[in-house]
**Q** 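Sharing a structure here in structure tokens format.
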Amino acid sequence: MAQVSVAGLGNMGKGMVRRLLAKGHGVTVWNRSPAAVGELVALGAERAGSVADLFAAGPVLSMLADDTAVTAVFEESVLTEAGPNAVHVSMSTISVAAGRAMAERHKAAGVGYLAVPVLGRPAVAEAGQLNLLAAGDSALVDLLEPVFSAVGRRTWRVGEQPWQANVVKITMNLLIIHALEAMAEGFTLAERHGVDAHDLHELITGTLLPGPVYQGYGKEMSDRAYLPAGFRTALGNKDLGLAEAAADSVGLELPAMPALRQMFQTAINLGMADHDWASIAEVLRKG
Ligand code: NAP
């Protein structure tokens with residue numbers, strides 16, 4: 001089994017490391033704050049003293065919060081000293097602009113670079129069932145497939161330029177957000193006419209719109225139960241901002257964007273930043 005390194009041991013990173021260890025990979029880990037490192041070392045991971053140590057141990061998968069984190073951890077000096085065969089697979093959900101800048105930074109330092117953001121939750125990562133959205137040099141994707149197949153059910157190749165995976169991930173989240181908004185409007189409209197939300201949910205998912213988004217988030221909306229959050233409203237709002245910026249950068253106006261931004265901002269103002277993002281339904285119900 002391959003030796004692999006992981007930077008970023010938040011909810012997603014931890015799930016991935018547990019899965020890699022369970023599949024027999026040797027895993028070297030690094031995190032900004034130490035508590036998560038100890039937890040995984042106890043399971044058999046090796047502790048890296050620095051990000052440079054990660055590169056020395058094997059290809060580096062990173063699962064960090066956002067643009068700021070990725071840009072800070074993979075700074076130019078770290079990449080320059082990473083060595084001739086160094087490879088970094090950036091799996092965080094980041095902006096297209098940051099994705100482009102990272103690709104250029106790695107190229108300048110001679111470090112192999114792929115963007116492979118993911119669809120799925122921490123539990124899905126731990127079960128090895130993520131969907132991986134891969135872009136960059138296809139020979140490098142081939143080389144890393146044994147590692148990808150340990151954490152994912154499928155690697156979807158979405159382009160030869162790394163940032164194309166970043167825009168595809170942002171697009172997937174925009175589609176979920178539209179589905180949330182559609183259900184929020186549909187549930188509220190029908191409820192105002194006395195229809196039971198659970199009946200409507202069963203009808204929607206049993207006929208026109210089956211699938212995990214309508215099933216899972218529709219259930220949360222009909223139960224009006226949004227805790228614990230699978231994906232927080234605050235993060236959904238961050239990803240809406242990423243979609244808006246990606247559209248702006250190519251002169252594309254997304255007509256529904258102002259309404260969606262207002263829904264998320266109102267949900268946050270109502271105290272639902274840390275609720276699941278399906279809680280935007282309450283904005284209309286309370287309005
Ligand atoms: P998380 O639990 O909040 O973990 C964030 C990680 O980033 C932690 O390791 C944190 O280190 C690190 N970090 C944050 N700011 C940093 C900085 N300035 N410098 C260095 N490290 C920093 O987030 P997560 O749920 O694992 O998500 C990670 C990424 O996956 C995000 O881009 C998210 O959008 C994406 N994603 C999440 C899900 C999900 O369901 N959670 C699903 C798909 C994709 P510390 O421990 O030191 O704070």
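Atoms considered below: every heavy atom in the structure, side chains included; atoms not considered: hydrogens, waters and symmetry mates. Keep in mind that this is a model prediction, so the values were computed, not measured. As the structure lists them, so they are numbered: ligands from 1, and atoms in each ligand from 1. Numbers here simply count residues along the sequence, with the first being 1.
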**Q** Consider ligand 1: state whether an atom of it lies below 4.0 angstrom from any non-hydrogen atom of Leu235.
**A** no

**Q** Do Ala69 and ligand 1 have an N or O pair less than 3.5 Å apart?
**A** no

**Q** Are there over 12 heavy-atom neighbours, none belonging to Met257, within less than 6.0 Å of that residue's CE?
**A**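 Count over threshold, so yes.
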
**Q** So if I count the atoms of ligand 1 from 1 in the order they appear, which ones are less than 4.0 Å from some heavy atom of Asn11?
**A** 2 (O), 25 (O), 26 (O)

**Q** Look at ligand 1 and say whether Gly120 reaches it with a heavy atom at a distance under 4.0 Å.
**A**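 Yes; Gly120 lies near enough to ligand 1 that a heavy-atom distance drops under 4.0 Å.
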
**Q** Starting from atom 7 (O) of ligand 1, what is the nearest protein heavy atom, named by residue and atom, and what distance separates them?
**A** Ala65 N, 3.1 Å

**Q** Is there at least one pair of N or O atoms, one from Gly8 and one from ligand 1, spaced under 3.5 Å apart?
**A** no

**Q** Would you say Val168 and Val116 are hydrophobically clustered, going by side-chain heavy atoms of ILVMFWY under 4.5 Å?
**A**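 As far as the 4.5 Å side-chain criterion goes, Val116 and Val168 are not connected within one cluster.
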
**Q** Report yes if some N/O of Lys169 lies less than 3.5 Å from some N/O of ligand 1; otherwise report no.
**A**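 No, Lys169 has no N/O under 3.5 Å of an N/O on ligand 1.
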
**Q** Report yes or no: do Asp53 and Trp30 form a side-chain donor-acceptor pair below 3.5 Å?
**A**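 Short answer, no.
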
**Q** Regarding ligand 1, does Asn31 bring an N or O atom to under 3.5 Å of one of the ligand's N or O atoms?
**A** yes

**Q** Please check whether Trp30 reaches ligand 1 - meaning an N/O of the residue sits under 3.5 Å from an N/O of the ligand, judged on distance alone.
**A**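 No, Trp30 has no N/O under 3.5 Å of an N/O on ligand 1.
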
**Q** Within ligand 1, which atoms have a heavy atom of Arg121 less than 4.0 Å away?
**A** 40 (O)

**Q** How far apart are the closest heavy atoms of Ala197 and Phe187, and which atoms are they?
**A** O-CE2, 3.4 Å

**Q** Which of the atoms in ligand 1, numbered in the order shown and given with their element, are less than 4.0 Å from a heavy-atom of Val73?
**A**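 Those qualifying, in numeric order: 20 (C).
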
**Q** Could you name the option among Met12, Met63, Lys14, Arg32 that has the heavy atom nearest to atom 41 (N) of ligand 1?
**A**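 Looking at heavy atoms only, Met12 sits closest to atom 41 (N) of ligand 1.
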
**Q** Between Met91 and ligand 1, find which residue part has any heavy-atom pair under 4.0 Å and reply side chain, backbone, both or neither.
**A** neither

**Q** Honestly curious: do Trp163 and Leu174 fall in one hydrophobic cluster under the side-chain, below-4.5 Å linking rule?
**A** no

**Q** So which bit of Asp239 gets within less than 4.0 Å of ligand 1, heavy atoms only: side chain, backbone, both or neither?
**A** neither

**Q** If we check side chain to side chain contact (heavy atoms under 4.5 Å, CB included) with Leu64, which of these qualifies: Val70, Ile94, Leu9, Thr71?
**A**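 Running side chain to side chain contact (heavy atoms under 4.5 Å, CB included) over Val70, Ile94, Leu9, Thr71 with Leu64 returns exactly one hit, Val70.
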
**Q** Strictly by side-chain hydrogen bond (donor to acceptor under 3.5 Å, both in side chains), give each pair with a member in residues 200-212 just once, sequence neighbours left out.
**A** none

**Q** Are there protein heavy-atom neighbours of atom 3 (O) of ligand 1 below 4.0 Å?
**A**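 Given the 4.0 Å cut-off, atom 3 (O) of ligand 1 does not count as touching protein heavy atoms.
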
**Q** In terms of atom number and element, which parts of ligand 1 are under 4.0 angstrom from non-hydrogen atoms of Ser33?
**A** 45 (P), 46 (O), 47 (O)

**Q** Applying side-chain hydrogen bond (donor to acceptor under 3.5 Å, both in side chains), which residue pairs with at least one partner in residues 93-116 are found, sequence neighbours left out?
**A**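 Listed once each, the pairs are Asp67-Ser95, His88-His106.
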
**Q** Pairs of nitrogen or oxygen atoms closer than 3.5 Å, one from Ser92 and one from ligand 1: do any exist?
**A** no

**Q** Can you confirm, on distance only, whether ligand 1 has an N/O atom lying under 3.5 Å from any N/O atom belonging to Thr68?
**A** no

**Q** Tell me which part of Ala72 gets within contact of ligand 1: side chain, backbone, both or neither, using heavy atoms under 4.0 Å.
**A**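 It is neither part, as no heavy atom is under 4.0 Å.
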
**Q** Strictly inside 4.0 angstrom of atom 23 (O) of ligand 1, do you find any protein heavy atom?
**A**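 Under 4.0 Å from atom 23 (O) of ligand 1, zero protein heavy atoms found.
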
